[in-house]
Each structure stands twice: as C-alpha cells, then as structure tokens.
Amino acid sequence: MSNNNSEYLAKRQLKSGTAGWLLLAGLGVSYVISGDFAGWNFGIAEAGWGGFAIAAVLMAIMYLTLVLSLAEMSAAIPAAGGGYSFARQAMGPAGGYLTGLAVLIEYALAPAAIVIFIGSAVEALTGFNGPWVYALFYLAFVGIHLAGVGEALKVMMVISGLAVLAIIATAIALVANFDPSNLFDVAVTDAAGASEFLPLGWYGVWAALPFAMWLFLAVEGVPLAAEEAKNPAKDIPKGIIGAMIFLLFTALLVVVLVPGAAGANAMGASAVPLVDALNATGNSSLATAVNILGLAGLVASFFSIIYGYSRLVFALSRAGYLPQSLSITTERKVPARALIVPAIFGFIASLSGEGDLMLAMAVVGATVSYALMALSHIMLRIKQPELVRPYKTPGGVVTSGIALVLSLVALTGVYAFDPRAFLYTVILFAFGAAYYFGYSSKRLVAKTADEEFAMLADAESDLAMAVNEG
C-alpha cells in the first residue's frame with residue numbers, strides 16, 4: 001500500500017471499541033423512540049384503529065425481517081457505512097451509492113422533521129418556537145457529538161431511558177381505563193371494504209403504512225456504528241435484534257392502550273396522543289411529566305440520527321462517493337465535517353416548518369433503502385455463499401424476501417398518503433444520482449468493502465510501525 005493511502009486513511013479513523021452490544025441496543029431504541037410519542041397515531045385517522053393495527057403488524061414484520069437480514073450482513077461486513085456497505089459488496093459501486101443515497105435522504109431529513117416537532121414541544125412548555133429553537137438544538141447536539149463518541153452514546157442512553165420510563169408509566173396509568181369499544185369509535189365510511197373494524201376500508205390500510213413505520217423508523221441504523229463496536233461480529237447482531245424486540249414491546253403498549261383508553265377517534269387527530277390520553281383519563285399531573293419526557297424522546301431520536309448520518313457521510317466520503325474532505329476526523333477521531341455539513345442542510349430544510357412533509361420524504365428514502373438492503377442480502381447469499389457469516393439470518397433468503405416485498409408495498413403507501421413527498425424525494429434522488437454518475441464515480445478510493453478493509457488494515461499497521469519506530 002502506498003504512503004499516500006496510509007496518510008489518507010490516517011486522517012479518517014473512527015475510535016474503535018467504544019460501544020458494546022447494550023450501548024448499540026440503546027442506540028437502536030434511541031433512533032426510534034420519538035415515534036412512540038407522536039406521529040404513528042395519524043395512521044388511525046387514515047384507517048381507523050383496525051386498519052392501522054393491520055398496517056402496524058405488516059410494518060413490524062417488515063422491520064423484523066429486515067433487522068434479521070441486517071444482523072447477518074453487519075456481522076459479515078462490519079463497516080461504518082451500514083446498509084450502503086452491504087449493497088456495495090452485493091451490487092457494486094453504483095448499487096452501493098444509490099443505497100447510501102436513500103439512507104442519507106432518510107437520515108438528513110428525519111432530524112429536520114424532528115427538530116420542528118421539538119420546536120412545537122418547546123413552545124408548549126415555554127412559549128418559544130421557530131428558527132432560533134431549531135438552531136439552538138442543532139448547535140447543542142452537534143456540539144456534544146464533536147466531544148467524542150463514547151461521551152455522546154452515554155448521554156443518549158440517559159435521554160432514551162427517560163423517554164422509555166415515560167412510555168411505561170403512561171401504559172401503567174392507562175390500563176385501568178382500557179375499554180375495547182374505544183378502539184372502534186371511528187365512524188364507518190362508504191369506502192371499499194369498510195366495516196366497523198376497517199372504517200375507512202382497505203385504501204386506509206395502504207395510506208396508514210407510512211405512519212406505522214414511525215414506530216420503528218431508523219432502527220436499521222445500528223450497523224452504522226460497526227467500526228466503533230467492541231466486537232462487531234457479535235455486538236451488532238445482538239444490539240440491533242435486542243433494540244427491535246424492545247421496540248415491538250413499546251409499540252404494542254402505545255398502539256393498544258392509548259386509543260383503548262381515550263378513544264381512537266380523538267387519538268387519530270392528537271398532536272401529543274400520550275399526553276392527551278392521560279389528560280382525558282384524569283391523570284393530569286402524569287400528563288405534564290410525560291409532556292416533558294416526550295421532549296426527551298424527540299431529543300433522543302434527533303441526537304442519535306445525527307450520529308447515524310455523520311457515520312454514513314463519513315463512510316461515503318472516505319470511499320470517494322461524496323467529497324473526500326467530509327471524512328477527515330479530529331484528534332478525538334470524530335468526523336467533524338460529516339457532523340456539521342448535513343446539520344446545515346437539515347437546519348435549512350427545517351425552516352420550511354413542514355415536519356410531516358419532511359418525515360414522509362424520509363420514509364420514501366427509507367423504504368427504497370430497505371428494498372435495496374433486503375435485495376443485497378439475497379444477492380450475497382447467492383453470489384458469495386463462502387462469505388464468513390458469524391450470525392446467520394433465520395429463514396435465509398425467505399426472510400429477506402419478505403422484507404423486500406413489504407418495503408416495496410410501504411413505498412407505494414407514501415404515494416397513497418402524500419404524492420408531493422414522493423415526487424420531491426424522486427427529484428432529490430435524481431440530483432444525487434447525477435452527482436455520482438457525472439462526477440464521483442470516476443474518483444472512488446475503494447470500489448468494494450473488501451478493498452477498503454484491506455486499505456484500513458494496512459493504514460493501521462503502518463501507523464503502529466510508525467509509533468513503534470518513534
């Protein structure tokens with residue numbers, strides 16, 4: 001390996017060994033937890049409770065099968081790029097880049113949406129909102145990440161723990177008020193297939209899919225921490241599967257108990273369903289506490305998705321897909337530019353004030369990436385059966401095949417709900433693809449994950465030799 005390559009990679013190193021499986025599971029929960037507090041319930045307005053329950057079960061199956069597929073690939077290919085690295089191994093540089101671009105659209109727009117919701121929560125508590133609030137949160141949390149990964153992940157665990165506490169306390173308080181008839185108080189329409197269980201018919205189930213995804217959206221980001229894990233082959237599968245099982249539990253609590261205690265019709269229109277359900281059942285003091293802790297949930301997701309996009313931008317940049325200057329790391333081995341530049345774009349997007357549109361666009365990026373990741377699992381099983389797989393997906397390609405089909409169905413669900421979000425995301429995709437095919441495809445540093453691993457290993461051994469000689 002040339003000295004140039006060693007020098008190039010020496011400036012682009014992450015701090016390995018900072019995260020065990022429990023911190024990684026915490027990261028997975030943290031990515032998602034804000035979705036339990038608000039957003040999912042708008043699916044009830046689209047489909048009634050029964051229709052939303054069907055959508056939620058379908059999306060739970062999609063995420064579970066996807067997570068089991070990712071667990072195998074992340075143990076076999078433990079690179080900071082997560083899904084993009086797996087797709088690059090399976091489909092080559094173009095397939096890898098397009099997968100990375102889809103994840104990047106999701107991870108750059110989701111914080112913009114969440115910071116808008118944070119603004120609303122801050123306004124409810126203090127009366128302040130708007131661009132100054134958005135800027136303050138971006139500055140504060142990018143700042144904590146710049147301090148170093150170990151510190152950031154520990155702060156995130158504490159914030160997520162508070163949010164989880166709020167969900168469990170809400171569930172305990174609402175159990176006494178649960179009445180199954182409350183789930184079916186949405187008026188039956190004359191839509192095709194409408195009934196008391198499906199008041200808005202089958203079309204409603206389709207349009208509710210993007211909202212059901214909010215219960216799990218971004219859990220697939222756990223493998224982005226692969227290069228910072230203590231033992232990636234064991235820790236990443238345990239972390240991502242552990243997070244998914246926990247999120248299935250919290251999703252079940254909120255989807256059943258919140259509308260079951262306060263009425264599906266009222267919850268379908270609520271901006272803060274957990275708080276409104278507690279107020280409606282006479283738990284007003286707990287409602288105030290949950291309102292504050294709901295902000296902790298939003299902050300946890302905002303904070304962790306910033307971590308996720310920085311690792312993805314770092315990996316795409318280090319391989320030459322994005323401008324190479326974005327992957328330079330600080331003395332603390334933090335990819336500072338990969339943290340700051342997408343934050344500026346996210347802040348600009350947040351100025352639109354359209355949180356729902358941002359999240360719908362993030363969901364389009366997510367579902368495209370899920371389809372490509374599931375396809376990567378199938379292709380790697382066929383093309384590289386000899387690849388060392390410390391963890392194997394139960395059910396093999398049948399499992400990833402289910403994830404592939406359901407992710408394509410979920411993608412069409414965004415179109416059913418908001419064609420605008422679909423169109424805008426396609427335009428973003430076209431710009432990103434044009435950049436790759438017109439410019440960066442000719443400037444790649446490494447074409448496969450294997451090449452990059454070999455370069456990294458050489459750079460590390462060169463560094464160790466330099467230290468010993470010094």
Where is the tightest heavy-atom contact between [X] and [Y], given as atom of each residue plus distance?
{"X": "Asn283", "Y": "Thr281", "value": "ND2-OG1, 3.0 Å"}
{"X": "Leu293", "Y": "Phe37", "value": "O-CZ, 4.1 Å"}
{"X": "Ser195", "Y": "Val188", "value": "O-CG2, 3.7 Å"}
{"X": "Val313", "Y": "Ala338", "value": "CG1-CB, 3.7 Å"}
{"X": "Ala163", "Y": "Ala296", "value": "CB-C, 4.4 Å"}

Taking [Y]'s backbone N and O only, do any of them form a donor-acceptor pair with [X]'s side chain (distance below 3.5 Å, no angle check)?
{"X": "Asp235", "Y": "Asn231", "result": "yes"}
{"X": "Ser301", "Y": "Leu298", "result": "no"}
{"X": "His145", "Y": "Phe303", "result": "yes"}

Pairing of Arg311 and Glu227 as salt bridge, 4.0 angstrom limit: no

Are Glu72 and Lys392 close enough for a salt bridge, meaning some N to O gap below 4.0 Å? no

Derivation of the side chain to side chain contact (heavy atoms under 4.5 Å, CB included) call for Phe249 and Met244: CA-CA 9 Å; Phe249 168 67; Met244 186 65 207; over 6 Å; no

For residues 346-361, which residue pairs qualify under salt bridge (charged side-chain N to carboxylate O under 4.0 Å, His left out), counting only residues two or more places apart or in two chains? Glu354-Arg420

Quick one: are [X] and [Y] in side-chain contact, heavy atoms under 4.5 Å?
{"X": "Ile344", "Y": "Phe347", "result": "no"}
{"X": "Pro111", "Y": "Tyr309", "result": "yes"}
{"X": "Ile33", "Y": "Asp36", "result": "yes"}

Parallel, tilted or perpendicular, judged at 30° and 60°: which one describes the rings of Phe302 and Phe137? perpendicular

How about Phe52 and Trp49: are their ring centroids closer than 6.0 Å? no

Hey, do the aromatic rings of Tyr31 and Tyr307 have their centres closer than 6.0 Å? no

Positive for side chain to side chain contact (heavy atoms under 4.5 Å, CB included) with Leu217, one of Thr367, Val32, Leu359: Leu359

Can you name the side-chain contact (heavy atoms from CB on, under 4.5 Å) partners of Ala71, sequence neighbours left out? Pro237, Ile240, Ile241, Tyr391

Partners meeting ring-ring contact (aromatic ring centres under 6.0 Å, His included) with Phe216 (sequence neighbours left out): Tyr63

